[in-house]
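What follows is a short report on a single structure.
Just so you know, these numbers use all the heavy atoms, side chains as well, and skip hydrogens, waters and symmetry mates.
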Amino acid sequence: MPTPFWSACAGLVLAAVVAMPALADGLKDEIAPTGKLRVAIAISPAGGAFWSTKTEAGYAGVPVDLGKEMAAQLGIPVEYVVYQNSGQITDAAGKVDWDVTWLPKDPERETKMMFGPIYEVADATYIVKAGSSVTNFATLDQVGIKVAAVNATTTMRGAVAHLKNAKVTGYQTYDEIFGLLKSGEIDAFALSRDQLNKMAQKLPGTKVLDETFKKTVTAIAVPLGHSQALAFVTKFMNEAVTNGTLRKAYDDNGLKDSPIRTE
């Protein structure tokens with residue numbers, strides 16, 4: 001006959017076994033209410049640690065690879081929800097049109113979504129059009145100078161705060177701004193330095209300024225109120241840094257020379 005002690009232990013084990021599926025189900029209900037992990041991505045030709053690109057086979061990018069791996073861990077399909085920029089992803093957070101995303105973090109966005117670990121820190125600066133006499137921030141910040149940024153992004157908000165005289169205008173897509181810079185209709189474009197360096201290779205005569213006006217941090221995020229999801233994605237990202245998943249995502253997306261910067 002079992003002793004009271006062992007009966008109690010058996011009861012605890014049974015309770016734990018019963019509770020584990022319930023916890024897993026509760027997480028899936030919160031992080032993937034549609035039965036799929038909806039990963040919000042922003043598309044541009046720039047690539048990088050935040051932007052994704054359109055390919056013949058679908059999509060490619062660091063967030064694309066991380067989303068696929070996360071869905072595999074959860075045992076559910078992945079679905080990519082496509083936006084033109086991080087501002088649109090932010091606007092959709094309150095509608096719960098996506099379940100998880102990776103995007104630049106700032107105080108305004110922290111009121112609209114919950115952030116997990118940072119996985120990239122980038123220097124924001126400006127690229128100036130070919131033939132421009134602008135050589136630094138002082139000569140850029142002049143009345144009559146037209147600066148473009150991707151609309152409603154942390155970089156745009158940083159540029160607006162930084163420039164007191166030049167006019168900053170937001171546009172929806174990277175491609176649109178690329179065209180305006182190429183044609184000389186704008187004087188400069190605010191974005192992360194690594195992205196602008198790639199742009200300069202495609203636009204001979206343009207120059208990326210040496211100074212930095214903002215450090216942009218990029219992190220994983222979930223909609224507000226999704227505390228179970230936040231705990232899961234935080235664990236996922238911490239493990240991705242230590243087990244090589246994040247490094248592989250960088251390497252597979254043209255970022256072999258880019259260090260992982262978590263602070």
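- Residues T169 and Y171 form a side-chain contact, since some pair of their non-hydrogen atoms from C-beta on lies under 4.5 Å apart.
- Atoms NZ and OH, on K54 and Y59 in that order, are 5.0 Å from each other to the nearest 0.5 Å.
- Taking the six-membered ring where tryptophan is involved, the planes of F137 and Y126 are perpendicular, since the angle between them exceeds 60° and thus also 30°.
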message = Show, in sequence, the C-alpha distance, side-chain angles and deciding distance for V150 and T155, and conclude whether the side-chain contact (heavy atoms from CB on, under 4.5 Å) test is met.
response = CA-CA 8 Å; V150 180; T155 303; over 6 Å; no
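- Residues I220 and I76 share a hydrophobic cluster, clusters being chains of Ile/Leu/Val/Met/Phe/Trp/Tyr side chains in contact below 4.5 Å.
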inquiry  = Determine whether E69 and T245 satisfy the following criterion, side-chain contact (heavy atoms from CB on, under 4.5 Å), listing intermediate values before the conclusion.
reply    = CA-CA 8 Å; E69 176 63 24; T245 297; 4.0 Å; yes
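- Here the side chains of W102 and M237 are in contact, with some heavy-atom distance below 4.5 Å.
- For K235, the NZ atom is loosely surrounded, since the number of other residues' heavy atoms within 6.0 Å does not exceed 12.
- Closest of all the heavy-atom pairs between R109 and T153 is NH2-CA, 3.4 Å.
- E211 and N136 form no side-chain donor-acceptor contact under 3.5 Å, judged by distance and modelled atom types alone.
- Proximity of F189 to K129: side-chain heavy atoms (C-beta onward) are nowhere separated by under 4.5 Å.
- Contact check for H226 versus V96: side-chain heavy atoms found under the 4.5 Å cut-off.
- Judged by distance alone, with hydrogens and angles left aside, the side-chain atoms of K28 form a donor-acceptor pair with the main-chain N or O of L74 at under 3.5 Å.
- Note that the CG atom of D194 and the OG atom of S258 stand 6.0 Å from one another [nearest 0.5 Å].
- The shortest non-hydrogen separation linking F213 to A159 is CE1-N, 3.5 Å.
- The two atoms that bring V128 and A188 nearest to each other are CG1-CB, 4.1 Å, heavy atoms only.
- Side-chain contact, T212 with R193: a donor N or O sits under 3.5 Å from an acceptor N or O.
- Residues in residues 152-173 take part in these salt bridge (charged side-chain N to carboxylate O under 4.0 Å, His left out) pairs, two or more places apart or across chains: D106-R157, E108-R157.
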task = Determine, step by step, whether T154 and K105 satisfy the side-chain contact (heavy atoms from CB on, under 4.5 Å) criterion, reporting the C-alpha distance in whole Å, the side-chain angles of both residues, the deciding distance to 0.1 Å, and the verdict.
result = CA-CA 7 Å; T154 61; K105 168 185 174 181; over 6 Å; no
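- For the pair T139/S133, no side-chain contact is recorded, criterion being any heavy-atom separation below 4.5 Å from C-beta on.
- With values rounded to the nearest 0.5 angstrom, N197 atom CG is found 8.0 Å from I127 atom CD1.
- Across all their heavy atoms, Y119 and F50 have their closest contact at OH-CA, 4.2 Å.
- Between the side chain of T101 and the backbone N or O of L103 there is no donor-acceptor pair closer than 3.5 Å.
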inquiry  = Determine whether T242 and R247 satisfy the following criterion, side-chain contact (heavy atoms from CB on, under 4.5 Å), listing intermediate values before the conclusion.
reply    = CA-CA 9 Å; T242 58; R247 181 72 265 168; over 6 Å; no
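- With hydrogens and angles ignored, the 3.5 Å screen pairs a side-chain donor or acceptor of W98 with a backbone N or O of I89.
- Atom NZ of K198 has more than 12 neighbouring heavy atoms from other residues, nucleotides or ligands inside a 6.0 Å radius.
- No side-chain heavy atom of V81 sits under 4.5 Å from any side-chain heavy atom of V39.
- Other residues, nucleotides and ligands contribute only 12 or fewer heavy atoms inside 6.0 Å of the CG atom of D257.
- Under the 3.5 Å distance criterion, the side-chain polar atoms of R38 are left unmatched by any main-chain donor or acceptor of Y80.
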Criterion salt bridge (Lys or Arg N to Asp or Glu O under 4.0 Å) on K146 and D187, from CA distance to verdict = CA-CA 5 Å; K146 300 175 184 176; D187 297 292; over 6 Å; no
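- Side chain of S183 to backbone of L180: a donor-acceptor contact under 3.5 angstrom is found.
- Paired with L191 under the rule side-chain contact (heavy atoms from CB on, under 4.5 Å), one option of T216, V208, T125, L196 passes, and it is L196.
- No side-chain donor-acceptor contact under 3.5 Å links S52 to the backbone of G61.
- Note that K256 lies outside the cation-pi zone of Y250, set by a 6.0 Å cut-off to the ring centre and a 45° limit from the axis.
- The two residues K202 and P45 come nearest to each other via the heavy atoms NZ-O, 4.4 Å.
- Counting heavy atoms from C-beta on, the side chains of Q73 and F232 come closer than 4.5 Å.
- Side-chain N or O atoms of N85 include one that pairs as donor or acceptor with a backbone N or O of Q172 at under 3.5 Å.
- Residues M70 and M113 are members of separate hydrophobic clusters, defined by side-chain heavy-atom contacts under 4.5 angstrom among Ile, Leu, Val, Met, Phe, Trp and Tyr.
- Atom CD1 of I41 is separated from atom OG of S86 by 13.5 Å, given to the nearest 0.5 angstrom.
- Rounding to the nearest 0.5 angstrom, the gap separating the CD atom in E120 from the OG1 atom in T262 is 11.5 Å.
- With hydrophobic clusters built from ILVMFWY side chains whose heavy atoms lie under 4.5 angstrom apart, W51 does not share a cluster with L66.
- Neither I145 nor L181 shares a network with the other; the hydrophobic side chains, linked directly or stepwise wherever heavy atoms of I, L, V, M, F, W or Y lie under 4.5 Å apart, form separate groups for each.
- A donor-acceptor pair shorter than 3.5 Å cannot be found between the side chains of D175 and T173.
- Side-chain contact between I31 and V233 is present, with heavy atoms from C-beta onward closer than 4.5 Å.
- Closest approach of L224 to T111, counting heavy atoms only: CD1-O, 3.2 Å.
- Separating the CD1 atom in I43 from the OG1 atom in T55 is a distance of 9.0 Å, to the nearest 0.5 Å.
- At a threshold of 4.5 Å between side-chain heavy atoms, the hydrophobic network of Ile, Leu, Val, Met, Phe, Trp and Tyr places V222 and L246 in one connected group.
- No hydrogens or angles considered: a donor-acceptor pair under 3.5 Å links the side chains of D65 and N253.
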